[in-house]
Amino acid sequence: MSDPEMHPDDDPYVLQGPQPHPFWAESVAEKILDRVDDHPDRDPDDPIVIKGGISPSGVPHLGNMNEIVRGYFVAEALRERGRAVRQVFTADDRDPLRKLPRKLADLDGNVVDLGEVNAGALGRNLGKPYTAIPDPFGCCDSYGEHFSNLIERSAEVLGIPVEMVSNTELYESGEFDDATRYLLKNREQARDVLGEYQDKVDGDYVPFNPICEECGKITETVTGVDLDAGTVEYVCTDMEAGDQTIDGCGHEGTATFREGKLPWRFEWPAQWRVLGVDHEPFGKDHAEGSWPSGADIARNVFGDVPPVPMAYEWFTLDGQPFSSSSGHVIMVQDTLKLLEPEVLRYFFTKDPSKARDFSIEHLDQLVDEFDGFERAFFGEDDADETDADIAAAAYPPVIRPTVAARFDAEGAPISNPERASVSVTDADSRDRLDALAEDTFRERIRLPYTFAAVLGMTDDPALREEIARREGHVPDDAPEWVTEFALSRVSRAREWARRTGNEFDYDLKRTEMPDVDLDAETEVALDELADFIEAGHAPDEIQGEIYESAKRHDIDVGEFFSVGYRLFFDDDQGPKLGPFLAKLDREFVLARLRREG
RNA sequence: GGGCCGGUAGCUCAGUUAGGCAGAGCGUCUGACUCUUAAUCAGACGGUCGCGUGUUCAAAUCGCGCCCGGCCCGCCA
């Protein structure tokens, strides 16, 4: 094994060094155009193909979404330049199940322990292709289809148009036949090239793994190749999978090219060939491993030009690596309970060559940053030039699926839209929506995230709105859709505060009175306050009376407020108390101030 | 052991192309507002730009050496 020279175009760290554009996706798009327009045998009118792909092996977490969302921004930059783009995603579902995941997720994105589904049944399927394993949830045709569906839904809720391609179907329909035949015919050459990267490749190596017709597992021992018949002979031997061995059944049989799979290092370049892939982002795990060999195989075995690569760094979740097995994961569906989809899309506009933490604890920072990004696009901030340039390029693809979801074809706002994101690819709709974003959507109001969290202290929508108005976030003349849109952040921010249990996690203690320790003076002051409220006074007057009653009894004003917050929120801070108490139902307020329950 | 990517304020991150005063937001602290929803406003604190070294009038930025973290270099994907 040596260290083969890499073709200069195949360096996967494409964002290293000088870049022509401030937004990375535009720089990558430009690279793709250079390659595509240079390509001797390709029709410039053919759509550019961007691919991503993973094995549907378990919970598809936010990190996995890089495969789709990074490609989306590149696709958008190309569409912006008038090119037609197909974004495809291969579910690499003929890969064998190698070990049992500890966590799974149902189609709605609820994570469950392996023990909650039929683990025993799953264990019998080690070594079989994901599409040959029954769905543990029983809702899809196979294990592979279940998790492919989950990935597809993740893309869908982000409004990203992806064509899902099942690898198994590519094999079964014969799409891989030619590439397989070619590799088997040229297996000397295939061995030589791959042998540069892998020690294990020896004279017996055959780049094809049949599926055993007896036990259904992927096998590795090919004993003969019959190109004319289009078959291989095999023996079903044991297979090493990490530290464990998956037993073979010893069966000797014959398989067609459709009854097996190519080893990954060949399968990837074969996918590029079959699907005509022009660009593919991939995680850093591939960057030094399968990418260099794959690019080499494409060039020097298949005689193809490999796609424009892009290695991306991995995300962490609250500072720790994502781990499907331990359950340290978050899915798109989860994050959308905490943030608007455009904020999540924005997260993926950041430089892919840097590792990034998705911090739930500091989610308010991400949202604030997004709000600033949006203001920069609309020219509402004195953003610096670079930020403005990035916003100009990145904001339209970030916001378009949101605008598409919230306005109908005539540009009229849709109240409580069913979906938060709708994907759009055709040029006319894109233009219409971008114009809509520029003139109508620019009126949107974003409540500061932490303020929205505080508004979540009450479930009463009218009260939320009133407080938002009183605090000047929503002007009197705001159109109805603007108000609704502004307040739609409250439930998400509320969920964030609740989940993190942070200082914005106010919760009106309606049913049970929190423990309070009161001295006699304070009790009298509270009684007087209750009497005052009972007599019927305006919100501002109640606020004033809180001061007055505290002063009358020589109680520190700050402490008296704290007592109030303790009584109603079991917290030492909270909303502006007077107006808030004025809005709550009188009976409850009086009873609580009088410590009656 | 070898290769690659990353390391900038307490936190999240810009800035590294093309060398030119060390930056933003958040947090913290102080002050103001006849003071209590995230307040707001003003100000302050906060840095060995991972470490060292070389080049340079000038280094977060370029070279070399090293440290730390991650990934790859077996299999698999």
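Chain identifiers are assigned alphabetically (A, B, ...) following the order of the sequence lines, protein sequences preceding nucleic acid strands; residue numbering begins at 1 within each chain. Just so it is clear, the structure is predicted and the values come from calculations on it, not from any experiment. Basis for what follows: all heavy atoms, side chains included, without hydrogens, waters or symmetry-related copies.
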Protein-nucleotide distance ([X], atom [atom1]; [N], atom [atom2]), rounded to Å:
X        : N     : atom1 : atom2 : answer
A:Phe282 : B:C4  : CZ    : P     : 16 Å
A:Glu361 : B:U12 : CD    : P     : 9 Å
A:Ile297 : B:A77 : CD1   : C1'   : 14 Å
A:Glu267 : B:A77 : CD    : P     : 7 Å
A:Asn209 : B:C76 : CG    : P     : 8 Å
A:Leu194 : B:G74 : CG    : C1'   : 13 Å
A:Phe315 : B:U12 : CZ    : C1'   : 14 Å
A:Leu366 : B:C11 : CG    : P     : 18 Å

Pick base, sugar-phosphate or nothing for [X], based on heavy-atom distances below 4.0 Å to the nucleic acid.
X        : value
A:Ser359 : nothing
A:His21  : nothing
A:Lys261 : sugar-phosphate

Return the set of residues passing side chain to side chain contact (heavy atoms under 4.5 Å, CB included) with A:Pro514 (not counting sequence neighbours), or none when no residue passes.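 Only A:Lys509, A:Asp570, A:Arg592 meet the side chain to side chain contact (heavy atoms under 4.5 Å, CB included) criterion with A:Pro514.
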For A:Val28, which residues count as a side chain to side chain contact (heavy atoms under 4.5 Å, CB included) partner, sequence neighbours excluded?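 Side chain to side chain contact (heavy atoms under 4.5 Å, CB included) check on A:Val28 returns A:Val14, A:Leu15, A:Trp24, A:Ile32, A:Val74, A:His279, A:Met310.
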Pairwise [atom1] distance for [N] and [M], with rounding to whole Å:
N     : M     : atom1 : answer
B:A14 : B:A24 : C1'   : 7 Å
B:G52 : B:G43 : P     : 35 Å
B:G63 : B:G25 : C1'   : 35 Å
B:A59 : B:U53 : P     : 13 Å
B:C11 : B:C49 : P     : 16 Å
B:C75 : B:C67 : P     : 28 Å
B:U61 : B:U56 : C1'   : 13 Å
B:A60 : B:G2  : P     : 29 Å

Contact under 4.0 Å: A:Gln198 side-chain N or O vs B:C76 OP1/OP2: yes
Under 4.0 Å between a side-chain N or O of A:Gln543 and OP1 or OP2 of B:U34? no
Strand partner of [N], provided both Watson-Crick or wobble distances fall under 3.5 Å:
N     : answer
B:C29 : B:G43
B:C35 : none
B:C62 : B:G54
B:U12 : B:A24
B:C4  : B:G70

Looking at residues at least two apart in the chain, or sitting in another chain, which of them share a ring pair (Phe, Tyr, Trp, His ring centres under 6.0 Å) with [X]?
X        : value
A:Phe378 : A:Tyr395
A:His61  : A:Phe322
A:Phe370 : A:Tyr346
A:His146 : A:Phe137

Dump the pairs, protein N or O against N or O of nucleotides 19-28 of chain B, anything under 3.5 Å, distances to one decimal.
| residue | atom | partner | partner atom | Å |
| --- | --- | --- | --- | --- |
| B:G25 | N2 | A:Gln365 | OE1 | 3.1 |

Considering residues at least two apart in sequence or located in another chain, which fulfil the salt bridge (Lys or Arg N to Asp or Glu O under 4.0 Å) criterion with A:Lys350?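 Once residues adjacent in sequence are excluded, the partners of A:Lys350 under the salt bridge (Lys or Arg N to Asp or Glu O under 4.0 Å) criterion are A:Glu369.
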Going by the rule salt bridge (Lys or Arg N to Asp or Glu O under 4.0 Å), which residues pair with A:Glu374 if we only count those two or more places apart in sequence or in a different chain? A:Arg444, A:Arg446
Go through A:Lys284 and A:Trp314 one step at a time and tell me if the side chain to side chain contact (heavy atoms under 4.5 Å, CB included) criterion holds. CA-CA 7 Å; A:Lys284 64 168 172 180; A:Trp314 288 353; 4.1 Å; yes
Do A:Trp291 and A:Tyr197 have ring centroids that are under 6.0 Å from one another? no
Strictly under 6.0 Å, is that where the ring centroids of A:Phe208 and A:Phe266 end up?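 No - the distance between ring centres of A:Phe208 and A:Phe266 does not fall below the 6.0 Å cut-off.
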Taking the nucleotide of RNA chain B with the closest heavy atom to each, which residue, A:Pro448 or A:Pro96, is nearer the 5' end?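 So the residue in question is A:Pro448.
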Of A:Gly472 and A:Ser353, whose nearest nucleotide on RNA chain B comes first from the 5' end? A:Ser353
Closest approach to the side chain of A:Tyr13, judged atom by atom: which nucleotide of B:A38, B:C4, B:C75 is it? B:C4
Provide a list of protein-nucleic acid N or O atom pairs under 3.5 angstrom, restricted to nucleotides 13-16 of chain B.
| residue | atom | partner | partner atom | Å |
| --- | --- | --- | --- | --- |
| B:C13 | OP1 | A:Asp357 | N | 3.4 |
| B:C13 | O3' | A:Arg356 | NH1 | 3.1 |
| B:A14 | OP1 | A:Arg356 | NH1 | 3.3 |
| B:A14 | OP1 | A:Arg356 | NH2 | 2.8 |
| B:U16 | O4 | A:Lys354 | NZ | 3.2 |

Side-chain donor or acceptor of A:Arg494 paired with backbone N/O of A:Ala452 under 3.5 Å: no
With 3.5 Å as the limit, what N/O pairs link the protein to nucleotides 64-72 of chain B?
| residue | atom | partner | partner atom | Å |
| --- | --- | --- | --- | --- |
| B:G70 | O2' | A:Lys284 | NZ | 2.4 |
| B:C71 | O2' | A:Lys284 | O | 3.1 |
| B:C71 | O2' | A:Asp285 | N | 3.4 |
| B:C72 | O2' | A:Glu288 | O | 2.8 |
| B:C72 | O2' | A:Gly289 | N | 3.4 |

Does the side chain to side chain contact (heavy atoms under 4.5 Å, CB included) test come out yes or no for A:Asp93 and A:Glu145, once each step is laid out? CA-CA 8 Å; A:Asp93 51 10; A:Glu145 201 191 302; over 6 Å; no
Pairs where residues 353-363 of chain A contributes a residue and the test salt bridge (Lys or Arg N to Asp or Glu O under 4.0 Å) is met, not counting sequence neighbours: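 Counting only pairs at least two positions apart or across chains, no salt bridge (Lys or Arg N to Asp or Glu O under 4.0 Å) contact touches residues 353-363 of chain A.
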